[in-house]
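Step one of this worksheet: look at the structure below.
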Amino acid sequence: MLVLAIGDFHVPHRAVDLPAKFKRLLVPGKIQQILCTGNLTSRETLDYLRTVSSDILLVKGDMDESITPSAPISRVVTHGPLRIGLVHGHTVVPWADPRALGILAREMDVDVLICGHSHKFEAFEHEGRFFCLPGSATGAFSSAKGADGAPAGTETTPSFVLMDVQGPTVVLYVYALVDGEVRVEKLDYTKKV
């Protein structure tokens, strides 16, 4: 199953739109499900995602109150033997911290945790679980100082993640727009059974 992990658009407040090169890649009929980490911030962004896949599971970001008022703060989806957790991440303190994310993953009882809010792509294994922070799809700036020391307001690299979920294995294809070109990196995780 091909699943798109995407979020932190912040259109139109911090970014004009999803990069055109990303829109050319995200075509209808290819992606079976979208897991959105929130901060769509516009109805148009949600409508666009509905053209990519009709199966959209999203969580509410800290800027989404008027767009998705009934969306949950977190959710769990099961694909075969994998339990995948989805959160925006603004309630995880410190933000994007592996230990804090590990606590949340244990509380949610998930094998894979997808978390937004940091606006920066990261993927790592911790305590036998896999963590994916897909970054900001538009490259919208973060209002907080980055863990890497970047000052608040610094634009980030636009990114999203396609996950090919096959049984206990997830193959991630990380798409990032670097210097005007789309770069793809492949990672994988297999749940120990």
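Every heavy atom of this structure was used, including side-chain atoms; hydrogens, water molecules and symmetry mates were not. Everything numeric here is computed off the predicted structure, so don't read it as measured data. Position 1 is the first residue of the sequence; numbering continues from there.
- Of the possible polar contacts, none joining the R83 side chain to the V76 backbone as a donor-acceptor pair under 3.5 Å is found.
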Practice item. Give the intermediate values and the outcome of side chain to side chain contact (heavy atoms under 4.5 Å, CB included) for residues L18 and L26. Key: CA-CA 10 Å; L18 188 66; L26 300 174; 4.0 Å; yes

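- Atom OG1 of T45 is separated from atom NE2 of H10 by 10.5 Å, given to the nearest 0.5 angstrom.
- Under a hydrophobic clustering in which Ile, Leu, Val, Met, Phe, Trp and Tyr are joined whenever their side-chain heavy atoms come within less than 4.5 Å, directly or via other members, L177 and F9 fall into the same cluster.
- When hydrophobic clusters are built by joining Ile, Leu, Val, Met, Phe, Trp and Tyr residues whose side-chain heavy atoms come closer than 4.5 Å, directly or via intermediates, F130 is grouped together with V3.
- Of all heavy-atom pairs spanning V59 and A71, the tightest one is C-CB, 4.2 Å.
- S159 approaches F121 most closely through the heavy-atom pair OG-CB, 3.9 Å.
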Exercise for review: Please step through side chain to side chain contact (heavy atoms under 4.5 Å, CB included) for the pair T157 and V178, ending with a clear verdict.
Suggested key: CA-CA 7 Å; T157 300; V178 179; 4.0 Å; yes

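- Note that OH of Y173 is 9.0 Å distant from CG of L162, once rounded to the nearest 0.5 Å.
- In this structure, K23 is positioned above the aromatic face of Y48, its NZ or CZ under 6.0 Å from the six-membered ring centre and within 45° of the axis.
- Between the side chain of S74 and the backbone N or O of V87, no donor-acceptor pair lies under 3.5 Å.
- Note that CG of L172 is 9.5 Å distant from CD of E185, once rounded to the nearest 0.5 Å.
- For the pair T190 (side chain) and P168 (backbone), a donor-acceptor distance under 3.5 Å is absent.
- The one candidate from V92, L104, L86, I84 that meets the side-chain contact (heavy atoms from CB on, under 4.5 Å) condition with L113 is L104.
- Of all the heavy atoms in A137 and P19, the pair that sits closest is O-CD, 3.4 Å.
- Once rounded to the nearest 0.5 Å, the distance linking NE2 of H79 with CD of Q32 reads 9.5 Å.
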Exercise for review: Would you sort out whether D62 and N39 count as a side chain to side chain contact (heavy atoms under 4.5 Å, CB included), showing the intermediate values?
Suggested key: CA-CA 7 Å; D62 57 332; N39 278 353; 2.9 Å; yes

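- Formation of a donor-acceptor pair under 3.5 Å by the K191 side chain with backbone atoms of P81 is found in this model.
- When hydrophobic clusters are built by joining Ile, Leu, Val, Met, Phe, Trp and Tyr residues whose side-chain heavy atoms come closer than 4.5 Å, directly or via intermediates, I31 is grouped together with L49.
- For the residue pair L40 and C36, the shortest heavy atom distance occurs at CD2-SG, 3.6 Å.
- Residues R183 and V174 are not in side-chain contact: their nearest non-hydrogen atoms beyond the backbone lie 4.5 Å or more apart.
- Residues I34 and L57 fall into different hydrophobic clusters, defined by Ile, Leu, Val, Met, Phe, Trp and Tyr side chains chained together at heavy-atom separations under 4.5 Å.
- A continuous path of Ile, Leu, Val, Met, Phe, Trp and Tyr side chains, each step under 4.5 Å between heavy atoms, connects L2 with V52, placing both in one hydrophobic cluster.
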Check your understanding: Can V112 and V165 be said to form a side chain to side chain contact (heavy atoms under 4.5 Å, CB included), step by step?
Key -> CA-CA 11 Å; V112 176; V165 182; over 6 Å; no

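- Here the shortest heavy-atom pairing between L101 and C115 reads CD2-SG, 3.8 Å.
- Between atom CE of residue M1 and atom CG of residue L82 there is a gap of 12.5 Å, rounded to the nearest 0.5 Å.
- Relative orientation of the H117 and H119 rings is perpendicular, given thresholds of 30° and 60° on the angle between their planes.
- Formation of a donor-acceptor pair under 3.5 Å by the R129 side chain with backbone atoms of V110 is found in this model.
- Of the possible polar contacts, none joining the K120 side chain to the T156 backbone as a donor-acceptor pair under 3.5 Å is found.
- Within 6.0 Å of the NZ atom in K30, the count of heavy atoms belonging to other residues, nucleotides or ligands does not exceed 12.
- Contact record, R99 with H126: CA-NE2, 4.1 Å, taken as the closest heavy-atom pair.
- Atom-to-atom distance recorded for T37:OG1 and L133:CG is 8.5 Å, nearest 0.5 angstrom.
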